[in-house]
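The structure under discussion appears below in the form of structure tokens.
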Amino acid sequence: MAKITGIRGMNDVLPGDSARWQYLENIVRHLLAQYGYQEVRTPVVEQTPVFTRGIGEVTDIVEKEMYTFEDRSGDSLSLRPEGTAGCVRAMIENGLLHNQTQKVWYQGSMFRYERPQKGRYRQFNQIGVETFGLTGPDIDAELIVLTARLWKALGIDHAVTLQLNSLGTSEARANYKAALVDYLNSRKDQLDEDSQRRLSTNPMRILDSKNPQTQALLSEAPSLLDWLDEESKEHFAGLTSRLDACGVSYEVNPRLVRGLDYYGKTAFEWVTDALGAQGTVCGGGRYDGLVEQLGGKSTPAVGFAMGVERLLLLIEALNQFPEDLTSTADVYIAVMGEKAEQVVMPWAERLRTDAPNLRIVAHNGGGGFKAQMKKADKSGAHFALIIGDDEVANEQVAVKDLRGDAEQVSLPLADVANHLITKIDGVN
RNA sequence: GUGACCGUAGCUCAGUCGGUAGAGCUCUGGAUUGUGGCUCCAGCGGUCGUGGGUUCGAUCCCCAUCGGUCACCCCA
């Protein structure tokens, strides 16, 4: 019989790792609440046109990376390859964009059929933030400032840099695109194969080619910034002045184009060189045309998404995880003798009632007393509680400090919870 | 989709110029009948990724295949 395995590029988050995910998620959730953003949860599967119309037919994501299938009624469905399109669909469908502004975020799995490598998986998780109904550069700035605060909270701010660009209005972009194609067509023979192909399909993407010869050729090419219309220039200036005022530094990168068709004006990426080839940790921009594209009333919008796995890899690489994440208990209860085994459950229940914020693990599964103490140590608990025949007879519990040098004491059961709470609060 | 490298114990790896394998960590028990971390001893644990070929004999050599990793591409 063939061995049953998980699917390539789709990973398990195991007990030893889940605390790290929760650590990141908790920080993000708290931070977004600080800015007044609300969470939305949308399905993992959408009708395929949500993505083909939203992301763009000729993008790589839609052309060759989507998990698309027919359901039993013959409808074409797709696993979401990104979060924005589905989020916009939900906002339109529920009438949440009618004369109101919205600030929302989501978190969840996305799916793309690609060859896995470091920081790139077939099922991966994004935390995304989207805002609707706001035209000015102040909201673009707020989103970026918010991410900057997040990097600080995670201890990775020294390892990421902000790349910033304006893609202009669609008219400006169309004019620029024509100029770029003109320039590159005259030097077509010097382009690498991929770039030659993109010349007709998606010429802007040639700008961020990694091919050094192509990059050299581009140094003489027309720059997007020179083709910006007044409106876009003003918007971009409004954004940069606010970033300056908040002390967020950035690098203007006129070659920064994003892979999804719906972006215009502001585009940004936070990148790191600490993760190998997949260095973009967060990316986003303005997509004023998308809501209309998906059948809603024209609504301005800005948003971004960050890659959870990449952030976790980066925090790990920079050694920024708190040390106590591996601990599974604050208090570990070891028992000896039949009488103790009889009372340990009700006693532990009482402690959990009296000290609801402590993680209290009662030993299961028998084994010698020494083995129980080893487990107490491995659990990361600050205290071991010891219940043997003597303790049962006196309604007492022996409290042993596993981390400090306090003397072991015996306390009446009724006093144990308070003792632990004060001691452990003091430690934390 | 293309390329490079790699598959030996649960994990990290050694090894056999071809004679069916070993260490560290983990786990269990003991040295220390009710006291963890350090140390020492013992035990548990392997179709050497899978299939085929060469050979008296293959974990080792050859071929294929599957899987993993990294990179291209693309993006979070």
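For the numbers below, each heavy atom of this structure counts, side chains included, while hydrogens, waters and symmetry mates do not. Everything numeric in this text was worked out from a predicted model, so none of it was measured. Throughout, protein chains are lettered first and strands after them, A, B, ... in sequence-line order, and every chain is numbered starting at 1.
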- Does A/Asp377 make a side-chain donor-acceptor contact with the base of B/G36, cut-off 3.5 Å? yes

- With A/Arg122 as the cation and A/Phe111 as the aromatic partner, state whether NZ or CZ is under 6.0 Å from the six-membered ring centre and within 45° of the axis. no

- Task: Scan A/Tyr121 against the nucleic acid and name what it touches under 4.0 Å (heavy atoms): base, sugar-phosphate only, or nothing.
- Result: base

- Between A/Asn11 and A/Glu65, who's closer to the 5' end of RNA chain B by nearest nucleotide? A/Asn11

- Rounded to the Å, how far apart are A/Asp389 CG and B/U35 P? 14 Å

- Indicate yes or no: at least one non-hydrogen side-chain atom of A/Thr272 is less than 4.5 angstrom from one of A/Trp151. no

Quiz: residues 312-321 of chain A side-chain donor-acceptor pairs under 3.5 angstrom, not counting sequence neighbours:
| from | atom 1 | to | atom 2 | distance (Å) |
| --- | --- | --- | --- | --- |
| A/Glu316 | OE1 | A/Arg20 | NH1 | 2.4 |
| A/Glu316 | OE1 | A/Arg20 | NH2 | 3.3 |
| A/Gln320 | NE2 | A/Leu318 | O | 3.3 |

- Indicate, with a heavy-atom threshold strictly under 4.0 Å, whether A/Ala305 touches base, sugar-phosphate, or nothing. sugar-phosphate

- Message: I'd like to check the ring-ring contact (aromatic ring centres under 6.0 Å, His included) partners of A/Tyr287; sequence neighbours left out, ordered by chain and number.
- Response: A/Tyr262

- Send over the distance from A/Ile7 CD1 to B/G68 P, rounded to a whole Å. 11 Å

- Pairwise side-chain contact, A/Thr101 with A/Phe132, heavy-atom cut-off 4.5 Å (strictly under): no

- Task: State whether the distance check finds a donor on one side and an acceptor on the other, under 3.5 Å, for side chain A/Arg120 versus base B/C73.
- Result: yes

- Query: Reckon A/Glu391 touches a base, only the sugar-phosphate, or nothing at all at heavy-atom distances under 4.0 Å?
  - Reply: base

- Message: What is the distance, to the nearest angstrom, from the CD atom on A/Glu130 to the C1' atom on B/A76?
- Response: 13 Å

- Message: Within the 4.0 Å heavy-atom criterion, would you say A/Gly276 contacts the bases, only the backbone, or no part of the nucleic acid?
- Response: sugar-phosphate

- Classify the nucleic acid contact of A/Asp390 as base, sugar-phosphate or nothing, counting any heavy atom under 4.0 Å across all strands shown. base

- Query: A/Gln278 has a side chain; which of B/G68, B/U35, B/C73 sits nearest to it?
  - Reply: B/C73

- Query: Can you find a heavy atom in the side chain of A/His363 that is under 4.5 Å from one in the side chain of A/Tyr332?
  - Reply: yes

- Check the distance between B/A76's C1' and A/Met66's CE and give it to me in whole angstrom. 17 Å

- Residue met sooner reading RNA chain B from 5', once A/Lys375 and A/Gln408 are mapped to nucleotides: A/Lys375

- Query: Heavy-atom contacts under 4.0 Å between residues 33-47 of chain A and RNA chain B, which residues?
  - Reply: none

- Between B/U69 (P) and A/Arg8 (CZ): distance, integer Å: 8 Å

- For the pair made of CD in A/Gln117 and P in B/G68, what is the distance, rounded to whole Å? 14 Å

- Is A/Arg80 salt-bridged to A/Glu82, cutoff N-O under 4.0 Å? no

- Charged N to carboxylate O under 4.0 angstrom, A/Asp138 versus A/Arg242? no

- Interatomic distance, A/Lys118 NZ vs B/U69 P [rounded to whole Å]: 12 Å

- With heavy atoms under 4.0 Å as the rule, sort A/Glu309 into base, sugar-phosphate or nothing. nothing

- Do the side-chain N or O atoms of A/Lys339 get closer than 4.0 angstrom to the phosphate oxygens (OP1, OP2) of B/G34? no

- Task: Assess the side chains of A/Glu130 and A/Thr84: does a donor N or O sit below 3.5 Å from an acceptor N or O?
- Result: yes

- Message: What I want to check is whether the side chains of A/Gln123 and A/Asn11 have a donor and an acceptor closer together than 3.5 Å.
- Response: no

- Do A/Arg115 side-chain and B/G68 base share a donor-acceptor contact under 3.5 Å? no

- Between A/Trp270 and A/Thr161, do the side chains contain an N or O donor and an N or O acceptor separated by less than 3.5 Å? no

- Item | Basic-acidic side-chain contact under 4.0 Å: A/Lys103, A/Glu142 | yes

- Item | Distance, rounded to the nearest Å, where A/His382 contributes NE2 and B/G37 contributes C1' | 15 Å

- Going by number, which of residues 364-374 of chain A have a non-hydrogen atom under 4.0 Å from RNA chain B? A/Gly367, A/Gly368, A/Phe369, A/Lys370, A/Ala371, A/Met373, A/Lys374

- Using the P atom on both, measure B/G43 against B/C6 and round to a whole Å. 35 Å

- Query: Which nucleotide in the list B/G36, B/C70, B/U26 gets nearest to the side chain of A/Lys378?
  - Reply: B/U26

- Note on the structure: Stems of at least 3 consecutive Watson-Crick or G-U wobble pairs (donor-acceptor distances under 3.5 Å) involving RNA chain B, listed by first number, are B:1-7 with B:66-72, B:10-13 with B:22-25, B:27-31 with B:39-43, B:49-53 with B:61-65

- Note on the structure: Applying side-chain contact (heavy atoms from CB on, under 4.5 Å) to A/Asp377 and not counting sequence neighbours gives A/Arg403

